[in-house]
Amino acid sequence: MEVKRRTAKTLVSKLSSVSEQTRTEALCEVRLISKHDPDSRPLIADAGAIPYLSEILYSPSPILRENAAATLLNLSISNRETLMSTRGLLDALSHALRDPSSPHLAVQSAAAAIHSLLVVDEYRPIIGSKRDILYALIDVIKSPKSPARSIKDVLKALFGIALYPLNRATVIELGAVPALFSLVVKDGRLGLVEDATAVIAQIAGCEESEGAFRRVSGIGVLVDLLDPATGSSGRTKENAVSALLNLIRCGGERVATDVKETGFEMFDGIADVAENGSSKGKTKAISLLKILDGVEKPLAVKVNKKSGEGAVSWTAKDAIE
């Protein structure tokens, strides 16, 4: 272990060299070590690598930026607290996402590093408050030049951000809804559609979602995904069920009525999830079926303003809270 520690210190010291060749060689070696030797990751972080790596993300050299972003991703697996406590780290990741000259691999690694940090609950409101990061992530989805792998890592990051309820309205405000539904409708790549609908399901759980979804005919898209004729995957169907359920819980009777009036083809899809989905998917599908079955009855919706979740219940005569 002592040999690894000395190696880490030597390599990290070279990251500040005035010679770009020396920096590049050291950085490439640090990246490989951080990828293949998990035990060395804390040693690299303790040697002071993270501030250097953050600074390198501003470098005009594509190879330096790619390797720095990839190394930060590797370190984020074991050293999340160290990364988050490093001043300017989030700004540097944001720059890597936003800069038009950033190599695709740097964008991909930066998004994946953010997703890795979001595993920690306490970091979700911190990262969600960085509007430049959210805007940059959404912009990657919008860009026709973004490769599938980058979009996939961005969707995972947005999902992690949306797990914190108070982030959802900001994600919607910054234009995520049109971008996400455009991806679902126009892209067609199975993995991306599944990940995009997972994010959609999360951000549906806030009051701002109803208007945003209406502007892109989102309810109709979600209902279409449940139609057996569309051939949606089981995971996509579960996400559509979750999204509709969250929309109704936040929007109430008006949304429930709109969903039911969209068409009965979706009921087979919901029933399929209720019968063959995951345990969580089955529970949500059954809840959605009950809501839609009783939609003509008086509806009471009590929404928790903070969490975006609510309880929906009916009786034949009086609404129950």
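Values reported hereafter were calculated over all heavy atoms of this structure, with side chains retained and with hydrogens, waters and symmetry mates removed. Note that this is a predicted model, so its numbers are computed, not measured.
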Handout entry: Hphob cluster co-occupancy, L15 + L43, side-chain heavy atoms under 4.5 angstrom
Key = no
Completion exercise
So CG of L32 and OG1 of T71: to nearest 0.5 Å the spacing works out to 8.5 Å
Practice task
Would you check if the side chain of R168 reaches a backbone N or O of A162 as a donor-acceptor pair within less than 3.5 Å?
Solution key: yes
Problem - Nearest-0.5 Å distance that lies between atom CD1 in I141 and atom CG in L155 - result: 4.5 Å
Problem - Under 3.5 Å: donor-acceptor pair, side chain of S209, backbone of G205 - result: no
Exercise for the section: Please tell me if the side chains of L247 and V259 come closer than 4.5 Å, counting only heavy atoms from C-beta onward. Expected result: no
Problem - N-O pairing of D272 and K237 below 4.0 Å - result: yes
Practice task
Report whether F181 and L225 are members of the same hydrophobic cluster (ILVMFWY, side-chain heavy atoms less than 4.5 Å apart, transitive linking).
Solution key: yes
Practice task
Compute whether any side-chain donor of one residue and acceptor of the other, for N79 and R41, lie under 3.5 angstrom apart.
Solution key: no
Handout entry: salt_bridge(R98, D139) N-O dist < 4.0 Å
Key = no
Practice task
Could you tell me whether D293 and K260 have a side-chain N and a carboxylate O separated by less than 4.0 Å?
Solution key: no
Problem - Salt bridge R235-E238, side-chain N to carboxylate O under 4.0 Å - result: no
Practice task
Go through the steps for K282 and E275 under the test salt bridge (Lys or Arg N to Asp or Glu O under 4.0 Å), then give the verdict.
Solution key: CA-CA 7 Å; K282 289 178 180 179; E275 183 176 354; over 6 Å; no
Handout entry: Sidechain-backbone polar pair: S85 side chain, T82 backbone, donor-acceptor under 3.5 Å
Key = yes
Handout entry: Test log, rule side chain to side chain contact (heavy atoms under 4.5 Å, CB included), inputs K280 and K284
Key = CA-CA 6 Å; K280 186 179 293 186; K284 291 184 178 181; 4.0 Å; yes
Practice task
Keeping the roles fixed (side chain from T10, backbone from R6), state whether a donor-acceptor pair exists under 3.5 Å.
Solution key: yes
Handout entry: Any donor-acceptor N or O pair under 3.5 Å, side chains T236, S233
Key = yes
Exercise for the section: Look at D99 together with R65 and state whether they make a salt bridge at an N to O cut-off of under 4.0 Å. Expected result: yes
Problem - Joint cluster assignment, L73 & V120, ILVMFWY side-chain distance < 4.5 Å - result: no
Completion exercise
What one should report as the nearest heavy-atom pair of R23 and S17 is NH1-O, 2.8 Å
Problem - Exercise: identify the closest heavy-atom pair between V12 and I44 - result: CG2-O, 4.0 Å
Practice task
Any chance you could measure I127, atom CD1, to S94, atom OG, to the nearest 0.5 Å?
Solution key: 11.5 Å
Handout entry: SG-CG distance between C206 and N246, expressed to the nearest 0.5 angstrom
Key = 9.5 Å
Handout entry: Carboxylate-amine/guanidinium contact R254 D258, below 4.0 Å
Key = no
Practice task
Without swapping roles, check the side chain of N167 against the backbone of R124 for a donor-acceptor pair under 3.5 Å.
Solution key: yes
Practice task
Measure from the side-chain N and O atoms of S109 to the backbone N and O of A106, and report whether any donor-acceptor pair falls under 3.5 Å.
Solution key: no
Practice task
Find out whether L222 and I200 are in side-chain contact, i.e. whether some heavy atom of one side chain is under 4.5 Å from a heavy atom of the other.
Solution key: yes
Problem - Worked verdict on K156 versus D195 for salt bridge (Lys or Arg N to Asp or Glu O under 4.0 Å) - result: CA-CA 7 Å; K156 289 179 180 179; D195 289 344; 5.6 Å; no
Problem - Heavy-atom side-chain proximity of D224 to T262 below 4.5 angstrom - result: no
Exercise for the section: Please say whether more than 12 non-hydrogen atoms of neighbouring residues, nucleotides or ligands are located less than 6.0 Å from CD in Q21. Expected result: no
Problem - Side-chain (T24) to main-chain (E20) donor-acceptor, under 3.5 angstrom - result: yes
Completion exercise
Looking only at heavy atoms, the pair that brings N239 and A201 closest together is O-CB, 3.5 Å
Problem - Heavy-atom pair with the smallest gap, counting every atom of A243 and A204 - result: O-CB, 3.6 Å
Problem - Heavy-atom side-chain proximity of V30 to N67 below 4.5 angstrom - result: no
Practice task
Establish whether Y58 and I50 are linked, either directly or via other cluster members, by ILVMFWY side-chain heavy-atom contacts under 4.5 Å.
Solution key: no
Practice task
Kindly check if the number of other-residue, nucleotide or ligand heavy atoms within 6.0 Å of OH (Y135) is above 12?
Solution key: no
Problem - Side-chain donor-acceptor pair present, S232, T230, cut-off under 3.5 Å - result: yes
Handout entry: Check: L89 main-chain N/O paired with T86 side-chain donor or acceptor under 3.5 Å
Key = no
Exercise for the section: Using the test side-chain hydrogen bond (donor to acceptor under 3.5 Å, both in side chains), find all partners of E81 that sit at least two apart in sequence or belong to another chain. Expected result: none
Practice task
Might you point out which heavy atoms bring L57 and A68 nearest each other, and give the distance in Å?
Solution key: CD2-CB, 4.0 Å
Problem - Test item: S278 side-chain N/O and G281 main-chain N/O as donor-acceptor pair under 3.5 Å - result: yes
Handout entry: Under 3.5 Å donor-acceptor, S116 side chain and S76 backbone
Key = yes
Problem - Interatomic spacing from CD1 in I172 to CG in L134 - rounded to 0.5 Å - result: 11.5 Å
Fill in the blank from the handout: For A111 and V154, the nearest pair of non-hydrogen atoms, with its separation, is CB-CG2, 3.8 Å
Handout entry: E210 side chain reached by V255 side chain, heavy atoms, under 4.5 Å
Key = yes
Exercise for the section: Following the transitive rule for hydrophobic clusters with a side-chain heavy-atom cut-off under 4.5 Å over Ile, Leu, Val, Met, Phe, Trp and Tyr, establish whether L97 and L105 coincide in one cluster. Expected result: no
Handout entry: Ion pair check, K14 and E29, cut-off under 4.0 Å
Key = no
